[in-house]
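Naming: A, B, ... by sequence-line order, numbering from 1 per chain. What you see is a predicted model, and the numbers here were worked out from it, not measured in a lab.
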Number of protein chains: 2
Amino acid sequence: MVRICRQARTGHWNIRLSQADEIGKLVFGFFNEVGIINQLATRQLESKLPGGLLISHFGVINHLMRLGDGRTPLQIATAHQVPKTTMTHTLAGLKKAGLIEFAPNPSDARSKCVMLTEAGRAFHAQAIGAIVPEFQSLLSDIPAEEFAAALPFLQRLRAYMDTARD
Amino acid sequence: MVRICRQARTGHWNIRLSQADEIGKLVFGFFNEVGIINQLATRQLESKLPGGLLISHFGVINHLMRLGDGRTPLQIATAHQVPKTTMTHTLAGLKKAGLIEFAPNPSDARSKCVMLTEAGRAFHAQAIGAIVPEFQSLLSDIPAEEFAAALPFLQRLRAYMDTARD
DNA sequence: ACTATTTGGTTCGATATCGTATTAAATAAA
DNA sequence: TTTATTTAATACGATATCGAACCAAATAGT
């Protein structure tokens, strides 16, 4: 697909413009699809979340359920690739909703540990319960194998982009 | 991967819970990667955009460049899967930045046609010029073929999710 | 023709996101 | 030890997103 060709007159090696254009369209189209799928999935999920909470909230709760609570705000922020100031705000919302509590961080007085409350765990169960039927309906039309096949590339791409940002 | 099994006692066909759980994790992981890739790509692109404009702005300009201007706000909003009220706001920003103009819609007095200005086209060229090097660096680590291989599934998934939302 | 409903767009208010600047604790340097 | 730098978190302000309510034009129903 990537064709390098040599300009006869100058002797320089270049990507032919039309080819580069094609590739640009390809990568661009890829990220475009990713963006729209994300948009659609976000809306779909958010419409099922109890109590008018948003993906940002669910994301944090889900993170704490999967990896265990007691993490610091900064850890959660970097895991979700959002600025820490955004996480401060999201956590404030979760606290107000009674889904998390803060505990002092024994190893650093500046920091905190984010703890799930019982209501937080219940919220997670409820949200998962609401989402599972959506997944089942999705999987009845698009087989799980295809998701499994697509996943490794996304993981690799994510890992690359993650390290490449400076 | 999807294993349907029959309960000997009742005779009912069911997805075994552990399997369903695995599948949930799979689909969930998929959308999670999509979300983070989108996040990273957005940040990356946004940091390169001239004039402090955002993806939402670039998205509209790019849309008009690709498909031709003269589209209505609502058409653009649905194409981008955002509420029309969001598009009103985005278009106001673009107008204030001098990148678009509004023309009356000859076939509907309530509506408008969104037209690109010269500055709008220049902005697009400049943005593309800033993005292309990013793509090239990306493609030097992840070959274009892999993007090409991943794209069809994403397109199919998007199309499905698009029609399935009600 | 006349009313009812739908549709394109904006306004408004509530909340989210994020960059900049700030505070306080931790760590490094002297 | 004292000072300088880094680091965790927050405060604040500017802008984005989005739902509800609204208006006016278009279309449907009668």
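In this structure, CG of A/L94 is placed 13 Å from C1' of C/dA16, rounded to the nearest angstrom. Look at NE2 on B/H80: it is 16 Å from P on D/dA16, rounded to the nearest Å. Atoms NZ (B/K112) and P (D/dA25) sit 14 Å apart, rounded to a whole Å. For the pair A/K95 NZ and D/dA9 P, the computed distance is 15 Å after rounding to whole Å. Whole-Å rounding puts the B/F58 CZ to D/dA16 C1' distance at 19 Å. Counting to the nearest Å, the C1' atom of C/dG9 and the CG atom of B/L91 are 11 Å from each other. Distance, B/R71 CZ to C/dG9 P: 13 Å, rounded to whole Å. Rounded to an integer number of Å, the gap from NE2 of A/H89 to P of C/dT15 is 9 Å.
Ring-centre distance between B/F153 and B/F30: below the 6.0 Å cut-off.
Contact between the side-chain N/O atoms of A/T85 and the OP1/OP2 oxygens of C/dG19 is not found at any separation under 4.0 Å. Not one side-chain nitrogen or oxygen of B/K84 sits closer than 4.0 Å to the OP1 or OP2 atom of D/dG19. For A/T90 and C/dT17, the shortest distance from a side-chain N or O to OP1 or OP2 is below 4.0 Å.
Comparing A/F102 and B/H57, the nucleotide of DNA chain D nearest to each residue sits closer to the 5' end for A/F102. Each of A/S56 and A/R110 was matched to the nucleotide of DNA chain C holding its nearest heavy atom; the match closer to the 5' end belongs to A/S56.
Counting only heavy atoms from C-beta outward, the side chains of A/I76 and A/V114 approach each other to under 4.5 Å.
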B/N105 and B/K112: CA distance, side-chain angles, deciding distance, side-chain contact (heavy atoms from CB on, under 4.5 Å) verdict: CA-CA 5 Å; B/N105 186 333; B/K112 299 172 164 182; 5.6 Å; no

Residues B/E134, B/L138; criterion side-chain contact (heavy atoms from CB on, under 4.5 Å); working and verdict: CA-CA 6 Å; B/E134 302 295 319; B/L138 179 62; over 6 Å; no

From CA spacing to verdict: salt bridge (charged side-chain N to carboxylate O under 4.0 Å, His left out), A/R156, B/D141: CA-CA 11 Å; A/R156 238 159 35 79; B/D141 285 285; over 6 Å; no

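In this model, no side-chain donor or acceptor of B/T88 finds a partner on the base of C/dG9 within 3.5 Å. One cannot find a donor-acceptor pair under 3.5 Å joining the base of C/dG8 and the side-chain atoms of B/T72.
Residue A/N105 is classed as having no contact, given no heavy-atom separation below 4.0 Å to the nucleic acid. If you check every strand for non-hydrogen atoms under 4.0 Å, A/S111 touches sugar and phosphate atoms only.
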